[in-house]
Amino acid sequence: MADEAPPRQPRRRLTREGRREVILRAAADLFGEHGFAGTRLEDIAARAGITKQLLYRHFSDKTALYLALLERHRADLPTFTAAMPQAGPLDERLRAVLVMWLDYVATHTHAWKMLFRDSGGGPQVQAFRAEVHARAREVLVDALRTLSGDRLPRRELEPLAEMLGMGQAGLVLWWIDDPRIPRDVLVDAIARVWRGVLSTVEADGHGRLSGAGAA
């Protein structure tokens, strides 16, 4: 007599938060691939394996979904400087945060496409994109202050942060499209630019920088 098949395990029901995560992952993929205008709620629902009606229980419309992803990215931004080692040689501290940031880029490519390539979504989304850009600039200003020992001219911090942020955004968008360049090569290249910016002050023996005073 043939062995009886084992009883089927009951399918685990996702929690509300778990279902929301599935929807957000599906939306991130599609917004990254097709932009705001090219993505339909029914496509997101299909990618998430749910009905459109169930999706509406979590998000009121496409704009709410898009903004939730941008808000998540904005909330993640300060984690990079927070994770920066507080002691040690400057280059090691800089490279540690760059490795973490590029690993994040590799798993969140949709965020850069939504911020820098997509122009859809109307005034509300455009305004929120601007808020995310402003928060990113603040985080970079904080990184410049930390790595320079607050010795870079204060009037230059925001322009430097904007230059570095937009340059790095362009670089990772190119990397997303053409990932043949190893991550470590990108770390080397970005670190070289940061060292150039910080080279107006000289490193002391504690991984901090000293030199020209802040203006």
Side-chain angles (χ1 to χ4, degrees), residues 5-80 82-83 97-137 139 165-166 168-183 186-187:
R8 295 179 63 183
Q9 295 296 320
R11 194 174 180 182
R12 289 187 61 185
R13 189 185 182 112
L14 288 175
T15 64
R16 180 174 178 80
E17 189 57 35
R19 180 66 67 193
R20 180 183 172 90
E21 284 299 312
V22 170
I23 295 169
L24 284 170
R25 285 197 300 270
D29 290 343
L30 290 170
F31 284 137
E33 292 168 12
H34 306 295
F36 184 92
T39 300
R40 303 180 305 169
L41 282 179
E42 47 263 52
D43 297 328
I44 296 172
R47 179 74 65 97
I50 61 172
T51 64
K52 189 175 177 181
Q53 288 70 27
L54 182 55
L55 187 152
Y56 276 125
R57 296 182 188 176
H58 296 268
F59 298 96
S60 58
D61 55 23
K62 187 167 66 168
T63 297
L65 246 175
Y66 200 96
L67 292 177
L69 288 166
L70 290 182
E71 170 57 38
R72 175 169 289 188
H73 180 64
R74 182 174 67 173
D76 286 342
L77 290 171
T79 62
F80 305 115
V97 73
L98 288 175
V99 167
M100 178 184 175
W101 179 68
L102 285 170
D103 284 346
Y104 178 90
V105 170
T107 56
H108 296 76
T109 58
H110 65 276
W112 274 262
K113 293 177 182 178
M114 290 168 66
L115 285 166
F116 295 101
R117 285 188 175 162
D118 190 12
S119 59
Q124 185 180 6
V125 171
Q126 295 283 24
F128 202 90
R129 283 196 190 99
E131 291 179 22
V132 178
H133 288 311
R135 185 67 182 114
R137 191 164 52 248
V139 169
M166 295 306 291
Q168 289 173 199
L171 178 64
V172 297
L173 284 168
W174 170 69
W175 185 46
I176 288 167
D177 290 339
D178 187 7
R180 60 190 171 80
I181 305 298
R183 184 200 64 184
L186 264 66
V187 171

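What you see is a predicted model; the values in this text were computed from it and never measured. FYI, side chains are in, hydrogens and waters are out, and symmetry mates aren't considered; it's all heavy atoms of this structure.
Side-chain contact between V132 and L77 is present, with at least one heavy-atom pair separated by less than 4.5 Å.
A distance of 9.5 Å separates CG in L173 from OG1 in T109, rounded to the nearest 0.5 Å. Annotation: the span from L186 atom CG to L102 atom CG amounts to 5.5 Å, rounded to 0.5 Å. Expressed to the nearest 0.5 Å, how far CD of E42 lies from OG1 of T51 amounts to 12.0 Å. To the nearest 0.5 Å, atom CG of residue L69 and atom CZ of residue F128 are 10.5 Å apart. Expressed to the nearest 0.5 Å, how far CG of L70 lies from CZ of R135 amounts to 15.0 Å. Taken to the nearest 0.5 Å, the OH atom of Y66 stands 8.5 Å off from the OG1 atom of T39.
One finds a salt bridge joining D177 and R117 here, because a Lys/Arg side-chain nitrogen approaches an Asp/Glu carboxylate oxygen to under 4.0 Å. Salt-bridge check for R72 with E21: passed, with a basic side-chain N closer than 4.0 Å to an acidic carboxylate O.
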| Could you go step by step and tell me if R47 and D43 meet the side chain to side chain contact (heavy atoms under 4.5 Å, CB included) rule? | CA-CA 6 Å; R47 179 74 65 97; D43 297 328; over 6 Å; no
Open item on the list: If you apply the rule side chain to side chain contact (heavy atoms under 4.5 Å, CB included), what do you find for D103 with R183, and how did you get there?
Closed with: CA-CA 8 Å; D103 284 346; R183 184 200 64 184; 2.7 Å; yes
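Using a distance-only test at 3.5 Å, with no hydrogens or angles considered, no donor-acceptor pair links the side chain of W101 to the main chain of F80. Between the R129 side chain and the M114 main chain, a donor and an acceptor come within less than 3.5 Å of each other. Q126 places a side-chain N or O within 3.5 Å of a backbone atom of S119 that can act as its donor or acceptor partner.
Nearest heavy atoms, W175 versus A106: CH2-CB, 4.4 Å. Nearest heavy-atom pair across A111 and H73 is CB-ND1, 3.7 Å. Residues T15 and G18 come closest through the heavy atom pair OG1-N, 2.9 Å. Of all heavy-atom pairs between R74 and E131, the closest is NH1-OE1, 2.9 Å. M100 and T79 get closest at one heavy-atom pair: CE-O, 3.6 Å. Of all heavy-atom pairs spanning L65 and L41, the tightest one is CD1-CD2, 4.0 Å.
Taking the ring centre of F31 as origin, the terminal cationic atom of K113 falls outside the region bounded by 6.0 Å and 45° from the ring axis.
Relative orientation of the H108 and Y104 rings is parallel, given thresholds of 30° and 60° on the angle between their planes. F116 and H133 have tilted rings, their planes meeting at an angle from 30° to 60° on a 0 to 90° scale.
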